Amino acid sequence: MIQRKQSLFLLVASLGFWSLFKLPFASSNKVTSPFFEDQLLNINDHVILLVLCILGGVVTAATIFLFNNRKLQLRLGILNIIFALFLIVVALWVVFSKAPSIDSTIDISDNIGLYMPLLSLTCVVLANYFIKKDENLVRSADRLR
């Protein structure tokens, strides 16, 4: 059923992935290349970030409508967790590994976009918890018949 708790968590997780198209990961006080040419680092600056964001958003949105197949929902939830973890790791790597090599006078500060994959990760984990809870409830009801 679409109105279940896990569907709401999956919707928030999907919105977290899609919001990265508007929210930057980090900002810089000076123009530098290759990532901070516009003083902002967003997913359009790095191909891996873009691919992970699109895959995470699409799979999370599709998972909402697979409420009849809870086992597949759980597997796709694990895949979403992997996408979110990779997105976090790659974003942190791009922001903080390139910062010292650019220039010591440049100040790079993190923005809200750096925390959106963490929100998506948390929501997908909570959705998987409630999907597993529903699966256990259905199994116990089947045992009683």
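Computed from a predicted model, the values in this text were never measured in an experiment. FYI, side chains are in, hydrogens and waters are out, and symmetry mates aren't considered; it's all heavy atoms of this structure. For reference, positions follow the sequence shown, starting with 1.
Rounded to the nearest 0.5 angstrom, Q6 CD and F67 CZ are separated by 11.0 Å. The OG1 atom of T63 sits 11.0 Å away from atom CG of N69, with the distance rounded to the nearest 0.5 Å.
Screening I64, L66, L76 for a side-chain contact (heavy atoms from CB on, under 4.5 Å) involving L10 leaves a single residue, I64.
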Donor-acceptor list for residues 112-127 side chains, cut-off 3.5 Å, not counting sequence neighbours:
from, atom 1, to, atom 2, distance (Å)
Y115, OH, D110, OD2, 2.3
S120, OG, A13, O, 3.0
S120, OG, F17, N, 3.4
S120, OG, M116, O, 3.3
T122, OG1, L118, O, 2.9

Going by atom type alone, with no hydrogens or angles, which donor-acceptor pairs under 3.5 Å involve a side-chain atom of residues 50-62 and a protein atom two or more places apart or on another chain?
from, atom 1, to, atom 2, distance (Å)
T60, OG1, G56, O, 2.5
T60, OG1, N80, OD1, 3.2
T60, OG1, N80, ND2, 3.3

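The two atoms that bring Q73 and N128 nearest to each other are O-OD1, 4.1 Å, heavy atoms only.
A parallel orientation is assigned to the rings of F9 and F130, their planes being inclined by less than 30° (bins at 30° and 60°).
A continuous path of ILVMFWY side-chain contacts below 4.5 Å connects I48 to W18, so both sit in one hydrophobic cluster. Transitive grouping of hydrophobic side chains (ILVMFWY, heavy atoms separated by less than 4.5 Å) brings L92 and F25 into a common cluster. The hydrophobic cluster containing I131 does not contain L79, counting ILVMFWY residues as joined when their side-chain heavy atoms lie under 4.5 angstrom apart, directly or transitively. V89 and V47 are assigned to two separate hydrophobic clusters, defined by single-linkage of ILVMFWY side chains at heavy-atom distances under 4.5 Å. Hydrophobic clustering (ILVMFWY, side-chain heavy atoms < 4.5 Å, transitive): L74 and L85 are in distinct clusters.
The environment of CZ in F21 is crowded: more than 12 heavy-atom neighbours from other residues, nucleotides or ligands sit within 6.0 Å.
The residues R70 and D134 are annotated as not salt-bridged, no charged nitrogen and carboxylate oxygen being separated by less than 4.0 angstrom.
With a 4.5 Å cut-off on side-chain heavy atoms, N111 and L23 do not count as touching.
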